[in-house]
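Residue numbers begin at 1 in each chain, while the letters A, B, ... track the order of the sequences.
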Amino acid sequence: MATPRLRAPAGFRFPARMHVSFNLGDDLDAAVRSAAGLAGLADPAALIPEIRTADPRHGDFQANGVLGYAKARRLNPRAVAEQLVAALDPALAAQYEVGVAGPGFINFRLRPAALLGWLRAFDSAEHLRAGAATAHAGQTWVVDYSSPNTAKQMHVGHLRSAVIGEAICRLLEFMGARVVRDNHLGDWGTQFGKLIYGYKRWLNPAALQADPIEELERLYKLGHEATPDGSPELDEARQELVKLQNGDPENVALWQTFSSVSQAAFQQIYDRLGIRFDHHLGESFYNDKVDRVYRELEETGLAQVSEGALVVFHPEHPRFKSQPFLIRKADGASNYASTDLATALYRAQHFKADGIVVVTDFRQADHFEQLFLTVRKWFAAKGYPVPELHHVTFGAVTGEDGKALKTRSGDVIRLKALLDEAEERAFAIVSEKNPDLPEAERRAIARAVGVGAVQYADLSQNRSSNYVFSWDKMLALDGNTAPYLLYAVARIHSIFRRGGVAPGDPGSEAEATPPETAAELSLARKLVKFPDAIRLAGETLRPHYLGLYLFELAGEYSAFNNADKVLVDDPPVRARRLLLCARTLLLLETGLGLLGLRTLKRM
RNA sequence: GCGGUGGUAGCUCAGCUGGAUAGAGCAACGGUUUUCUAAACCGUCGGUCCCGGGUUCGAGUCCCGGCCACCGCGCCA
């Protein structure tokens, strides 16, 4: 069937310098809306263009909105689509081939010169950032992630929150937000009574020096074993806790020691993962802030006493009308609902958060749903601004048997041991594949590849589902893995080394002509979709959308790399291929950086 | 019992909030190297999208009812 195509007006020259939108789809949305008015549609405001990235077979973008509009008004959708196309701003024809297809889709295919225009406009990390930063400009987002318990080892269960949380922080920052990274440590609770009990009796100072968390875990275990239920020893341990809570100087000093040595140990892990928190406001920080929560929730009538405890019900909710949100225990003590409420208030008021993101596993979904329901009503009742509240959940990490990941002896796997093993395995692989590199470099490569593989295994998959931990899969050079992506980066660097130019060097790109070969075009069209991946990952708080894009980009690059030699003699061809390499490198390095991975120049 | 999440190729998973002929990787089979990193690329094979209804121009995607797995549901976090 015939599809009308817009042609560039005779003599039209694509301007060398013109405004280029970061999100090209935004231009199309505006253009179609404007055309709806010019085309004389009965109800132009009702036409929502619904611009989507298209299957490459059909074009780069498509407008789907005509179908719904036409059907609702008993119009022929193809006819409406053709009316719209005829009314499109002719300047658009300089950039896109436009056609109507199927039942009434409008397809837009970027012309090679327009592809080059975008690639020239977004030629640096700064320009990409400037393009992306409109989404959350001027906003403050608090991200609560990792959040381990002090005096305990970080284990594999803490991995996902840390990795996903950091990627979300970087995405939000890239999109223009000021991000407050807050490690909501589990640093308060009944376990400290037993730990102090053990500490005062069996401390080995040398062991505390050498591996503080190891020693604290040993002391807690001894304290726990020495204080069985109903024993006088348990009463003593409880007394230690009471003393701590009442500000006994000795116990407070001990508790502070536990916190500081724990944070120092955690930071060793965070350094390997590229994480640095702005704040470590643990549960203890909110001890003196829960009374206000009780008071305000009672005075607004949201909380009530039930079975001696202070609870919040949500009558409009099918389940939480009867399942209580327990915010103060019957004995008067606070619990994590109390401190989480106080935390939300502090973040909203002290940090002036426009958004709060909490990254924990899916088992806490009920808690956060109740928490957020309560916060919204509470803030509304008091006239406090209500931030966007997001609970970012994730599934479990399982072994290949589908059960929770454990060591062979059944213990939890420590994060330190896990990262060590990742680096060892990566070192063995790089030493086999590239034995001529100096050992120091192979070690450095192993650090980036090994840790990156662990991070990316988490980030490449939809966070909602469980994921199966497999060394072989995450360290494979094929498939959607960190080594595959890092390898693509290294290969591009290799070309620039061979060519004796720096990536993105303006001189090397000056003569670049628009992409021509099938592989060049395919790569260029993938490159300009980067903003779409950022938007999708950022809006849904699902980093795997960015990972998937990077994998597809690396795939396009590999196909290009295989089909078209870059360092050819013909200057314009060489220049445009170098430009494509430089932009691929820029987007891969920027994207992997947003996911928290470190990239390499050689591997 | 109520609820959450998942169920897509032999395996591990995508599928951009309802769009065009459902895609990758692994595994299996075949091909490409005087080549900028073959740690790559290309192709073939492979589908009851858990089942049954419904909504509509169009459903893997939304609604209803089932089945299976994991998880949560009053003083742990």
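In terms of position along RNA chain B, the nucleotide closest to A/Glu50 lies nearer the 5' end than the nucleotide closest to the other residue of the pair A/Glu50 and A/Pro324. Comparing A/His58 and A/Gly479 along RNA chain B, the residue whose closest nucleotide (by nearest heavy atom) sits nearer the 5' end is A/His58.
Between the NE2 atom of A/His367 and the P atom of B/U5 there is a distance of 18 Å, given to the nearest Å. The separation between A/Tyr69 atom OH and B/U56 atom C1' is 19 Å, rounded to whole Å. With rounding to whole Å, A/Arg363 atom CZ is found 14 Å from B/C73 atom C1'. When rounded to the nearest whole Å, the span between NE2 of A/His224 and C1' of B/C76 equals 13 Å. The distance between atom CD of A/Glu539 and atom P of B/U17, rounded to the nearest whole Å, is 10 Å. Protein atom CG of A/Asp55 is 8 Å distant from nucleotide atom P of B/G23, rounded to whole Å. Nucleotide B/A39 holds its P atom 19 Å from the NE2 atom of A/His493, rounded to whole Å. Computed from coordinates, the A/Glu432 CD to B/A39 P distance equals 10 Å when rounded to whole Å.
At a threshold of 4.0 angstrom between heavy atoms, the contacts of A/Thr540 include nucleobase atoms, whether or not backbone atoms are also involved. Contacts of A/Phe551 with the nucleic acid, taken as non-hydrogen atoms under 4.0 Å apart, involve only primed sugar atoms and P, OP1 or OP2. Across all strands shown, A/Asn64 has heavy atoms under 4.0 Å from base atoms, whether or not it also approaches the sugar-phosphate. Nucleic acid contact for A/Tyr545: sugar-phosphate only, since backbone atoms but no base atoms lie under 4.0 Å from a heavy atom of the residue. Residue A/Thr53 is in base contact, counting any heavy-atom pair closer than 4.0 Å across all strands shown. As judged by a 4.0 angstrom heavy-atom cut-off over every strand, A/Asp564 is placed among the base-contacting residues. As judged by a 4.0 angstrom heavy-atom cut-off over every strand, A/Val566 is placed among the base-contacting residues. A/Asn434 comes within 4.0 angstrom of a base, heavy atoms only. At a threshold of 4.0 angstrom between heavy atoms, the contacts of A/Asn149 with the nucleic acid are absent. The residue A/Gln62 sits close to a base: some heavy atom pair falls under 4.0 Å. The residue A/Tyr484 sits close only to the backbone: its heavy atoms come under 4.0 Å of sugar-phosphate atoms, none of a base. Residue A/Arg602 is classed as a base contact, given a heavy-atom separation below 4.0 Å to a base. Among the protein residues, A/Asp532 comes within range of the nucleic acid bases, having at least one heavy atom under 4.0 Å from a base atom.
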Where do A/Gln364 and A/Asp366 land on the side chain to side chain donor-acceptor pair (under 3.5 Å) test, with the steps shown first? CA-CA 6 Å; A/Gln364 299 187 40; A/Asp366 270 6; over 6 Å; no
Begin with the C-alpha distance, continue with both residues' side-chain angles, and end with the deciding distance and a verdict on salt bridge (charged side-chain N to carboxylate O under 4.0 Å, His left out) for A/Glu217 and A/Lys152. CA-CA 6 Å; A/Glu217 284 195 328; A/Lys152 284 185 178 172; over 6 Å; no
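Side-chain proximity of A/Asp366 to B/U17, B/G72, B/C75: nearest is B/G72. The listed nucleotides are B/G19, B/C36, B/C13; the one nearest the side chain of A/Gln461 is B/C13. The nucleotide whose nearest atom lies closest to any side-chain atom of A/Gln364 is, among B/A14, B/U12, B/A77, B/A77. Here B/C36 is the nucleotide among B/C36, B/A39, B/U12 with the atom lying nearest to any side-chain atom of A/Ile495. Distance from the side chain of A/Leu326 is smallest to B/C75 among B/C75, B/A38, B/G15. Distance from the side chain of A/Phe105 is smallest for B/G19 among the nucleotides B/G19, B/C75, B/A38. Listed nucleotides B/G72, B/A20, B/C41 differ in distance to A/Arg319; the shortest reach to its side chain belongs to B/G72. Closest contact between the side chain of A/Asp478 and the listed nucleotides B/C41, B/A77, B/C36 involves B/C41. For A/Asn107, the listed nucleotide lying nearest its side chain is B/A20; candidates were B/C16, B/A20, B/A39. Looking at the side chain of A/Lys329, the nearest of the listed nucleotides B/C16, B/A77, B/C75 is B/C75.
Comparing the C1' positions of B/G25 and B/A14 gives a spacing of 10 Å, expressed to the nearest Å. Across B/G23 and B/C16, the matching P atoms stand 13 Å from one another, rounded to whole Å. Using P as the reference atom, B/U33 and B/A9 are 36 Å apart when rounded to the nearest Å. Comparing B/U35 with B/C41, their C1' atoms sit 12 Å apart, to the nearest whole Å. For the P atom pair drawn from B/G60 and B/G19, the interatomic distance equals 10 Å after rounding to whole Å. Rounded to whole Å, the P atom of B/U17 lies 12 Å from the corresponding atom of B/C62. On the C1' atoms, B/G18 is 15 Å away from B/G54, given to the nearest whole Å. Remark: the separation of the C1' atoms in B/G31 and B/C11 is 25 Å, to the nearest Å.
Shown here is A/Arg73, whose CZ atom has more than 12 heavy atoms of other residues, nucleotides or ligands within 6.0 Å.
Ring planes of A/Phe469 and A/Tyr467: tilted class, angle from 30 to 60°. Using the six-membered ring where Trp is involved, A/Phe325 and A/His367 have ring planes that are tilted, between 30° and 60° apart.
Dashed line: the shortest gap from a side-chain N or O of A/Ser322 to OP1 or OP2 of B/G1 is not under 4.0 Å. A sub-4.0 Å separation between OP1 or OP2 of B/A20 and a side-chain N or O of A/Arg57 is absent.
Pairing partner, B/G65: B/C51, with both Watson-Crick or wobble hydrogen-bond distances short of 3.5 Å. The partner of B/C2 is B/G72, judged by Watson-Crick or G-U wobble contacts that both fall below 3.5 Å. Of all nucleotides present, only B/C57 satisfies the Watson-Crick or G-U wobble test against B/G19, with each distance under 3.5 Å. In this structure, B/A9 forms no base pair with any nucleotide, since neither Watson-Crick nor G-U wobble geometry is met with both distances under 3.5 Å. In this entry B/U34 has no Watson-Crick or G-U wobble partner, no candidate having both defining distances under 3.5 Å. Pair assignment for B/A28: B/U44, on the basis of Watson-Crick or G-U wobble contacts that are both within less than 3.5 Å.
Looking at A/Asp458, its side chain never comes within 3.5 Å of a backbone N or O of A/Val163 through a donor-acceptor pair.
A salt bridge does not link A/Lys321 to A/Glu316: none of the charged side-chain nitrogens sits closer than 4.0 Å to a carboxylate oxygen. By the 4.0 Å N-to-carboxylate-O rule, A/Arg347 lies close enough to A/Asp182 to be salt-bridged with it.
Close placement of the A/Tyr286 and A/His184 rings is indicated, their centers lying within 6.0 Å of each other.
Under the 90° criterion around 0 for the glycosidic angle, B/U17 counts as syn.
Applying the 3.5 Å distance criterion, the base of B/G74 shares a donor-acceptor pair with the side chain of A/Ser306.
A pairwise comparison of heavy atoms in A/Met175 and A/Gly538 identifies SD-CA, 3.6 Å as the closest pair.
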